[in-house]
Each structure stands twice: as C-alpha cells, then as structure tokens.
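First the structure, in the form of structure tokens, and then the observations on it.
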Amino acid sequence: MSTATSTRRAVFPFTAVIGQEDMKLALILNVIDPKIGGVMIMGDRGTGKSTTIRALADLLPEISVVENDPFNREPQDPEVKREYEGQSIPKGTMKVPMVDLPLGATEDRVCGTIDIEKALSEGVKAFEPGLLAKANRGLLYVDEVNLLDDHLVDVLLDSAASGRNTVEREGISIRHPAQFVLIGSGNPEEGELRPQLLDRFGMHAEIRTVKDPVQRVQIVEQRSEFDQDPDAFLAKYDAEQKALQDKIVSAQQRLKDVTIDKEYKLQVSQVCSELDVDGLRGDIVSNRAAKALAAYEGRTEVTLDDIQTVIALCLRHRLRKDPLESIDSGYKVEKTFGNVFGVTIPDPSTNGRTPVGAR
C-alpha cells in the first residue's frame, strides 16, 4: 500500500453494517452492473445511508488509471491510446472514486467549465473538469436528491445513462467520459422526486429506522467501538471485506455469461404490463438486476428466486400514485408477481412478514 492509502481516513466497513438489506443489495447489484441505472434510497434520517454508500466505495478494489488523468480513464481506453500514440502511457492505480454532490452545486461545478478567454487567445480548449469528470468509473452520491434543482437532476441522469458529459459554450464543445453509478438518497417527509425523474433511477430502496431495542443497542455499541479504535475494528472485518470484494469481482466477470429464460422475460413484462408501468425501463432493469443477482450468487442462469428478490426494488417507484390506495407499492408489485408467476405471496398484515422491497 502507498503512503497515501495508509494515511487515508478510516471508513466504516460495509460488512459491519447491520440490517438495511435492500439498500445493500441494490448498491452491490449496481456495482456489478452499472447499466442497471443507479439507486434511489428513501428513508428516515440517521439510518446509515451515507455510511453504507461510503463503505461500499471503500470496499471496491483499486482501479488501473492513467496517471494525472482528470477523467480517471484506464490505460487501455482507445481514446487514451490515440492521445499517447507513439509514447508510453503513464499508469497508476487509485481507489474507486466516490464523489459527494453538494446541494448548492452549480451546473458549472457539476459539468465543468470552458475558459473562453484562453480558448480565444491561445487557440486551445481550456477545460476545467467538474464533478462528473471526477466521478468517472466511480460512484456519484447525491444526498437529499429530492431537494436538488430538477434541471441538475436531469443533467446527472442524462450523463449516467449516456456515459458521456458534454459542455458547450460560445460555439466550443467538449465531451468526456462520465460513467458512474448514480446514488440518490432522501427523506420522503421533505418532498418526493418528480415521477419522470424517479423513473430514471434503476432501483428504489425504502429503509426504515430499526425498531428492535437489542439491534439498536448493537448498532450504537458497534459505532462506538469503531470511533474509539478504527484500526482494530477494521481488522476484525478484514476477512469478510476481502471475501465480499472477491465475490463482487467474480460476479462482474461472470455477468456476461448469465442467461435468463425467455418464459421468465415474458412473465416479467406481463408483471410490468399489469402494474401499468409506463415505458420499458422497468422490464429492462428487472432483467438486468436479476442477472446481476445470479452472477453475485455464483450462477449463470437466472432463477425464479432471483426475480422475486429484485422485482419490487426495480418497479415499486414506477407505479402511478393513487392517493386513495393504502397498499404498500412494494407489496403491490409482489402480489402481481405472485399472480403472474404462480407464487403464493403471504399478506404482511396477517403474518407480520415484510415484503421484499419494503423492509
């Protein structure tokens, strides 16, 4: 490890996070397949959203980059090879970037700026990279995304979907790679995201404050132990962290070989149709997430359980809101899934079970 790594601030280990299984699963699946389209995490304040997201970034293995490259590009990138034609490419490694987007950020700060004066006087494209450049090949986290300006949310979602960021000013245009996993979090009490923006997030996890007193005490004690001696606490979870890191890397490599049965695809689309989900994003994301879960579990074929585990997380935020309906959206998805796939879904009101997508 380099000196920079050893002096880095200690981050709470991902494997030590208690509960919040939906959030953890959604984050892991998006890391395995970033094309799922990111995660929206809605829940109460103080439920460990930021802690878990930073822990995930810290868990991931280092990536190979071109040294001092503002976009964290990999040395094998065709654009890099063209730029360095006939020269040796300086190579290095870095932790997967984790960028926090502040609520007050301007569009220039997010997208980057072009120095027009320098461009006109010196004839060069003087570009000052923004947060999207810094987040390339990493995670971009927006806390309280429901309070962010809608226009900025649109910019983030467009870049996340296309993998590119374009900055145009006074006839000068610059494009650069911006491939990242977009993670948004918020508290429903402070307002919902517009449905057309919410739909652009691949998965949606709802988290609640832990009610069990024993588990609450366990979380408090665990946090105190970490704060008192981070190194000793991290050492305790070192083996688990390494095992999970290896599992994620293996899943990323296995993903391309995972298949899903045509009949399952038809049934997933039937669920989306019966739930009156607009567009085809729900179908695509459900298939992708199920494949990522199969890869994570070490398989190359999607099972019924894979689909059942992810379908509420992929569809619950795409349902049309009915103010008169009291049924939880996650349970509504599961109930429709049960009808289409011929699976019995227990009623949570009678047996105390919490639906998969609504823990």
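Counting heavy atoms of neighbouring residues, nucleotides and ligands inside a 6.0 Å radius, atom NZ of Lys35 does not exceed 12 of them. Residue Gln87 places its CD atom among more than 12 non-hydrogen atoms of other residues, nucleotides or ligands, all under 6.0 Å distant.
Defined by atom type and a distance below 3.5 Å, a donor-acceptor pair is present between the side-chain atoms of Thr209 and Asp44. Between the side chains of Gln20 and Lys49, not a single donor N or O lies within less than 3.5 Å of an accepting N or O. Side-chain atoms of Ser269 and Asp283 include a donor-acceptor pair closer than 3.5 Å. Checked by atom type, the side-chain pair Thr303/Asp306 shows a donor-acceptor distance below 3.5 Å.
A salt bridge links Lys242 with Asp246; the closest basic N to acidic carboxylate O contact falls under 4.0 Å. A salt bridge is defined here as a Lys NZ or Arg NE, NH1 or NH2 lying under 4.0 Å from an Asp or Glu carboxylate O, and Glu21 with Lys24 meets this definition. Taking a cutoff of 4.0 Å between a charged side-chain nitrogen and a carboxylate oxygen, Asp227 and Arg223 qualify as a salt bridge.
The main-chain N or O of Asp199 is found under 3.5 Å from a side-chain atom of Arg318 such that the two form a donor-acceptor pair.
Under the rule for a side chain to side chain donor-acceptor pair (under 3.5 Å), the partners of Gln241 that lie at least two apart in sequence or sit in another chain are Thr15. Every ring pair (Phe, Tyr, Trp, His ring centres under 6.0 Å) that Phe12 has, sequence neighbours left out, goes to Phe226, Phe233.
Under the 4.5 Å side-chain criterion, counting only non-hydrogen atoms from C-beta, Asn165 is not in contact with Arg175. Arg200 has its side chain within reach of Asp154: a pair of non-hydrogen atoms, C-beta onward, lies under 4.5 Å apart. Residues Glu79 and Arg73 are in side-chain contact: their nearest non-hydrogen atoms beyond the backbone lie under 4.5 Å apart. The side-chain heavy atoms of Val302 and Ile307, taken from C-beta on, include a pair separated by under 4.5 Å. Side chains of Leu156 and Asp158 form no contact here, defined as non-hydrogen atoms less than 4.5 Å apart.
Listed by first and then second residue, the ring-ring contact (aromatic ring centres under 6.0 Å, His included) pairs that reach into residues 68-88 are Phe71-His176, sequence neighbours excluded.
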